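The structure under discussion appears below in the form of structure tokens.
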Number of protein chains: 2
Amino acid sequence: MAGDGPQPEGYLQIGEAAARADVTQRTLRYYEEKGLLRPPTRMEGGFRLYSPDDMERVRRIKELRDLLGFSLADIKEMIEAEDVKEQIRSHWRRDADISEKAAEIRRAREVTLQQIALVDEKMGRMAEMRRQLDARRERYDTWLHANAPAGAAAGDQADGA
Amino acid sequence: MAGDGPQPEGYLQIGEAAARADVTQRTLRYYEEKGLLRPPTRMEGGFRLYSPDDMERVRRIKELRDLLGFSLADIKEMIEAEDVKEQIRSHWRRDADISEKAAEIRRAREVTLQQIALVDEKMGRMAEMRRQLDARRERYDTWLHANAPAGAAAGDQADGA
DNA sequence: ATTTACCTTGACGCGCACGTCAATGTCCGT
DNA sequence: ACGGACATTGACGTGCGCGTCAAGGTAAAT
């Protein structure tokens, strides 16, 4: 039995990577093809090796898609702007670079703020939806209670919230 | 023949209906075609007339799609189950019908509960996402603050000095 | 060396949710 | 009774987000 990391350390081949991220291999290749994932490192024979960072990125993409409903094109824009964070860690060369980086950071910040605003808006609408659903459920319960089975007596279930 | 008013009250032709619901006419016809909207009443010449109820339904479909990300097929199932509410208003004939209706109501209630659960789950994940976005923004702010503009006068709220 | 499992790059296909003509019919004001 | 706005039903097209072969190459075990 091969262990979890025969050659690479913390890096995963596409099979495992897809399984753990709960997507298909096709999806990973597709995201790469569309520029959502940077081309991962490869083994000697050309097999893709996904880093933990890559995995995190996939999870992020999934959240943006499943939770917020963004298109992959939109998501690409976002994470491209966010990618400055990785350039931040790298040491810059001179002061001139700083103002350049700062501009990118501010752009990334803007993108983040917009995402936050969108999350807030969606959460607000969802809260409203939840209220309506609750009201709906209450109407059902009221009806059911009013037209209770003739033979049954007291002892109905309580409502949870 | 039932007299269809030439100028309907509160009813809208597809153009206005689409505009107010912020969808295209194609979308309305498509929803009807797919069984998400019951065939609306028509004018003499065949023009569709959408009732306020129809409009409400379109809004509901949009919410389920845009907010929760359901497919139209899923939504169809849901609103079919919910449709009992309109049958409730109609007076039933005998007691035997009641248990029948009650079964449908319970089904509709179940659907609603599942929707509530899903909304709650999504809201939870969105809250978590929001936290992460906030943390991200803070990191940007921290960086920007640390690498404040060199030439500018330091007039901001300064750290201990 | 061979098996076996996993990987590679094309390239075509598909379902969804409509978009977009095209040809025709209807409403309504003047 | 006519013109222009608005509607009707097909029917084909489109973009997205992958699915699904096909024809191979590679890795690790036997």
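Naming convention: chains lettered A, B, ... in sequence-line order (proteins, then strands); numbering from 1 in each chain. These numbers come from a predicted model, not from an experiment.
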Exercise for the section: Please state whether the phosphate of D:dC18, meaning OP1 or OP2, lies under 4.0 angstrom from any side-chain nitrogen or oxygen of A:Y31. Expected result: yes
Problem - Candidates C:dA17, C:dC7, D:dA7 - which lies nearest the side chain of B:Y30 - result: C:dA17
Handout entry: Backbone N/O of B:L72 and side chain of B:K34: donor-acceptor pair under 3.5 Å
Key = no
Fill in the blank from the handout: Note: A:Q25 and A:A18 closest approach over all heavy atoms is N-CB, 3.8 Å
Practice task
Measure from CG on A:L28 to P on D:dG17 and round the result to the nearest Å.
Solution key: 15 Å
Exercise for the section: May I have the distance from B:I14 (atom CD1) to C:dC27 (atom P), rounded to whole angstrom? Expected result: 15 Å
Practice task
Tell me yes or no: between the side chains of B:Q115 and A:Q132, is some donor less than 3.5 Å from an acceptor?
Solution key: no
Practice task
Looking only at side-chain atoms of B:L72, point me to the closest of C:dA17, D:dG17, D:dC6.
Solution key: C:dA17
Handout entry: Nearest-Å distance for atom pair CD/P, residues B:E33 and D:dA11
Key = 12 Å
Practice task
Measure from the side chain of A:T24, starting at C-beta and using heavy atoms only, and say which of C:dC27, C:dA17, D:dG19 lies closest.
Solution key: D:dG19
Practice task
Output yes when at least one side-chain N/O atom of B:Q13 is less than 4.0 Å from OP1 or OP2 of D:dC6, else no.
Solution key: no
Problem - Spacing of A:I75 atom CD1 and A:E63 atom CD [to the nearest 0.5 Å] - result: 10.5 Å
Exercise for the section: To the nearest Å, give me how far apart NZ (A:K62) and P (D:dG17) are. Expected result: 15 Å
Exercise for the section: Go through the steps for B:R125 and B:E121 under the test salt bridge (Lys or Arg N to Asp or Glu O under 4.0 Å), then give the verdict. Expected result: CA-CA 6 Å; B:R125 287 170 61 193; B:E121 187 226 329; 3.3 Å; yes
Exercise for the section: Rounded to the nearest angstrom, tell me the gap between atom CZ in B:F47 and atom C1' in C:dG25. Expected result: 7 Å
Problem - Among C:dG19, D:dT9, C:dA17, the one nearest B:R48 by side-chain distance - result: D:dT9
Handout entry: Nearest to side-chain heavy atoms of B:R65, which nucleotide of D:dA27, C:dC18, D:dA7
Key = C:dC18
Problem - Polar pair under 3.5 Å, donor/acceptor by atom type, side chain B:R26, base C:dT20 - result: yes
Completion exercise
Closest to the 5' end of DNA chain C, once B:G46 and B:A73 are matched to their nearest nucleotides, is B:A73
Exercise for the section: Please tell me which of B:Q25 and A:K34 maps to the more 5' nucleotide of DNA chain D, matching each residue to the nucleotide holding its nearest heavy atom. Expected result: B:Q25
Problem - Length of the CG-P vector between B:L49 and D:dC6, whole Å - result: 16 Å
Fill in the blank from the handout: Picking from D:dG19, D:dT9, D:dC6, the nucleotide nearest the side-chain atoms of B:R42 would be D:dT9
Fill in the blank from the handout: Whole-Å distance, B:M43 CE to D:dA7 P, equals 10 Å
Handout entry: d(CZ, B:F70; C1', C:dA17) in whole Å
Key = 17 Å
